[in-house]
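Residue numbering restarts at 1 for every chain, and letters A, B, ... go by the order of the sequence lines.
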Number of protein chains: 2
Amino acid sequence: MTTENANSPDFSKGEGLLPAIAQDATTGEILMLAYMNRESYAETLETGRAVYFSRSRNKLWRKGEESGNVQNVKAIFFDCDADTILLKVEQVGGAACHEGYSSCFFRQVTPEGFKVVGNRVFDPKEVYKKK
Amino acid sequence: MTTENANSPDFSKGEGLLPAIAQDATTGEILMLAYMNRESYAETLETGRAVYFSRSRNKLWRKGEESGNVQNVKAIFFDCDADTILLKVEQVGGAACHEGYSSCFFRQVTPEGFKVVGNRVFDPKEVYKKK
């Protein structure tokens, strides 16, 4: 049960894919959650930029590779079970979300349905022109 | 592709289990990540207390049911893909982690291995006497 001796996230869990939370290192805002495999984690450590594993595209996802909105990693943490990763990042461009919001969590649940609470930093149509 | 019209997290994804991040509503500290199914999400909305689904025990996990360290939910958000939940909570007892730390992310990755950066709020041996 104990993971006291773990020196890193345990990629033997979660079928090799662990959730990774990106938090703005300055403001504390939670920007997004994505997944990492061993390879993306290693590349993140090596380059200092957040690299995830895209489950939909089934390949490494170098965050910002298309939009330019890379994440410079300031610190990395992992949790008591060694199966979740926390990255404190500097979000280049001010927006982590592909929909143009600073955070992917721009919708708040209310009794009347969801309410958009985030501010749009960019227009996705302008940034992802190739699509 | 679009989820603009989603009114709630989409529990048809992730085989019915979605990651849920608990963040301290006051300090912005990320406390933990757990999982929710439709039932635990509904009970969370109804009671205003965080209820997760324990993958290891395969049942609802009313956070704090043993330790008393419940989480009072102040706000709920979900992300652009509607497959991750964010709870802003008041953590009763000051510690979310079963190891006695305020946050489960008490280990930081450093070039020399991990470093414990969290403060222990309680002694797990005292709190979980039944184990």
Query raised in the report: Can a salt bridge be assigned to the pair Asp81(A) and Arg55(B) using a cut-off of 4.0 Å between side-chain N and carboxylate O?
Result: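 Judged by the 4.0 Å cut-off on N to carboxylate O distance, Asp81(A) and Arg55(B) do not form a salt bridge.
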Report task. Heavy-atom distances under 4.5 Å only: say whether Ile76(A) touches chain B with side chain, backbone, both or neither. Result ->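 Looking at Ile76(A), backbone and side chain both touch chain B.
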**Report entry** Residue Val116(A) versus chain B: region with a heavy atom under 4.5 Å
**Finding:**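 Contact with chain B: none, neither part.
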Report task. Kindly indicate, with the supporting measurements, whether the criterion side-chain contact (heavy atoms from CB on, under 4.5 Å) is fulfilled by Phe114(B) and Ser8(A). Result -> CA-CA 7 Å; Phe114(B) 79 82; Ser8(A) 69; over 6 Å; no
Query raised in the report: Is there a side-chain contact between Tyr35(B) and Pro19(A), using heavy atoms and a 4.5 Å cut-off?
Result: yes
Query raised in the report: Under the side-chain contact (heavy atoms from CB on, under 4.5 Å) criterion, do Tyr101(B) and Asp79(A) qualify, and how do the steps go?
Result: CA-CA 11 Å; Tyr101(B) 295 91; Asp79(A) 77 345; over 6 Å; no
Query - Minimal non-hydrogen separation, Val117(A) against Phe77(B), with atom names - result: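 Shortest heavy-atom contact: CG2-CE2, 3.7 Å.
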Query raised in the report: Can you name the nearest heavy-atom pair linking Cys80(A) to His98(B), along with the distance?
Result: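 Taking Cys80(A) first and His98(B) second, the nearest heavy atoms are SG-CE1, 3.6 Å.
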Requested in this report: Can you tell which part of Ile85(B) gets under 4.5 Å to a heavy atom of chain A, answering side chain, backbone, both or neither?
Outcome: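 When you check distances to chain A, only backbone atoms of Ile85(B) fall under 4.5 Å.
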Identify whether [X] and [Y] are in the same connected component of the hydrophobic contact network (ILVMFWY, side-chain heavy atoms under 4.5 Å).
{"X": "Leu33(B)", "Y": "Leu86(B)", "value": "yes"}
{"X": "Tyr52(A)", "Y": "Val70(A)", "value": "no"}
{"X": "Phe105(B)", "Y": "Val73(A)", "value": "no"}
{"X": "Trp61(A)", "Y": "Leu87(A)", "value": "yes"}
{"X": "Leu18(A)", "Y": "Leu17(B)", "value": "no"}

Query - Contact leader toward chain A among Thr110(B), Leu45(B), Asp83(B), Ile21(B), where contacts are heavy-atom pairs under 4.5 Å - result: Ile21(B)
Report summary line: Against chain A, residues from residues 22-32 of chain B with at least one heavy atom under 4.5 Å, in numeric order, are Gln23(B), Gly28(B), Ile30(B)
